[in-house]
There are 2 protein chains.
Amino acid sequence: MFETVEIKEVKSEIGALVKALRKQRGHSQSQLAKSLGVSRTSIQNLELGKNFTIDTLLKVLKEMQVLEQLQGELIRTKAHVLNSKSLY
Amino acid sequence: MFETVEIKEVKSEIGALVKALRKQRGHSQSQLAKSLGVSRTSIQNLELGKNFTIDTLLKVLKEMQVLEQLQGELIRTKAHVLNSKSLY
DNA sequence: ATAATTTGACCATTATAATAGTCAATATAG
DNA sequence: CTATATTGACTATTATAATGGTCAAATTAT
């Protein structure tokens, strides 16, 4: 047990999710970049699992209308953290 | 409807979550920074809702052993995206 | 209460993400 | 098949995140 998840792997999965969201909406990297006011290189790096800033990611998620969901997850996760007794 | 969530707000919530996780484990910013091999300033900026890189965030989440959960969410979300018919 | 620790707010420097551009390889459309 | 659009892979430059340091204010421990 305690399977280790690599950071690199998670970044790639974030990239794959962004690409899936973008494709589903029928946009090219250029179209998306333009509507967010960022460079296509930023979208490309995000999708290819390179390093990127939280701003770039959140801009995409807002455009894709999944920012609310992320916020919900954050609030739930934090509540869960605060309610569970510390084991540390 | 279509309540707008601000990026700034979400960054602050991520910061609050990280701070809650850290406090629960009884670590100082300095301790956490050292164990991740990043500067305290990076932890501080993350917690205060400034901009930061995905690497910094994922390092923290890995240390806090919540990276698996995030990965699970990503996979579920992507599956949901791919299974739902496009409205676009 | 006071001593010790932690945190937020700086600053200067370094590392690197973001930008704008090009081009060949793929993919998509006609 | 041919034309068009898109993507991945570069490069050079600029903007900014990360670093390492200090210090006063706030918090926590004694």
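Letters A, B, ... are given to chains in the order of the sequence lines, protein chains preceding strands, and every chain is numbered from 1.
- Applying the 4.0 Å criterion to OP1 and OP2 of D:dT19, one finds that B:Ser42 has a side-chain N or O inside that range.
- A side-chain donor from one of B:Gln29 and B:Glu47 sits under 3.5 Å from a side-chain acceptor of the other.
- Within the 4.0 angstrom heavy-atom criterion, only backbone atoms of the sugar-phosphate kind lie near B:Gln29; the bases stay farther away.
- The CG-C1' distance, from A:Asn45 to D:dA9, rounds to 11 Å in whole Å.
- With rounding to whole Å, B:Asp55 atom CG is found 17 Å from C:dA15 atom P.
- Contact record, A:Leu57 with A:Phe52: CB-CE1, 3.9 Å, taken as the closest heavy-atom pair.
- For the pair B:Lys34 NZ and D:dG21 P, the interatomic distance rounds to 12 Å; values are reported in whole Å.
- Between the side chain of A:Gln24 and the main chain of B:Ser84, a donor-acceptor pair closer than 3.5 Å is present.
- For B:Thr41, no side-chain nitrogen or oxygen approaches OP1 or OP2 of D:dA17 to under 4.0 Å.
- Where the helix from C:dA1-D:dT30 to C:dG30-D:dC1 starts and where it ends, the local axes point in directions that differ by 80°; five pairs per end, rounded to 10°.
- Contact annotation: A:Arg40 side-chain N/O to D:dA9 OP1/OP2 distance is not under 4.0 Å.
- Both B:Lys23 and B:Gln44 sit near DNA chain D, but only B:Gln44 has its closest nucleotide nearer the 5' end.
- Side-chain atoms of A:Glu6 and A:Thr4 form a donor-acceptor pair, as typed in the model, at a separation below 3.5 Å.
- Between A:Thr56 and C:dA18 there is a side-chain polar atom (N or O) within less than 4.0 angstrom of OP1 or OP2.
- Where A:Lys50 and B:Ser39 meet DNA chain D, the nucleotide closest to each residue was compared, and A:Lys50 sits on the side nearer the 5' end.
- Side-chain N/O atoms of A:Thr53 include one lying less than 4.0 angstrom from OP1 or OP2 on C:dA18.
- Taking all atoms of both residues into account, the shortest heavy-atom contact from B:Lys59 to B:Leu36 is O-CD2, 3.4 Å.
- The side chain of A:Lys19 places an N or O atom within less than 4.0 Å of a non-bridging phosphate oxygen (OP1 or OP2) of D:dG8.
- Taking atom CG on B:Asn51 and atom P on C:dT16, their separation rounds to 16 Å, with Å as the unit.
- Nearer the 5' end of DNA chain C, as judged by each residue's closest nucleotide, is the contact made by B:Ser28, out of A:Ile54 and B:Ser28.
- Across the protein-nucleic acid pair, A:Leu46 atom CG and C:dT19 atom C1' stand 15 Å apart, rounded to whole Å.
- Spacing between atom NE2 of B:His27 and atom P of D:dT27 amounts to 22 Å, rounded to whole angstrom units.
- The side-chain hydrogen bond (donor to acceptor under 3.5 Å, both in side chains) test applied to B:Asn45 returns no partner, not counting sequence neighbours.
- Here the rule is side-chain contact (heavy atoms from CB on, under 4.5 Å) with B:Val60, and of B:Met64, B:Lys62, B:Glu63 only B:Met64 fits it.
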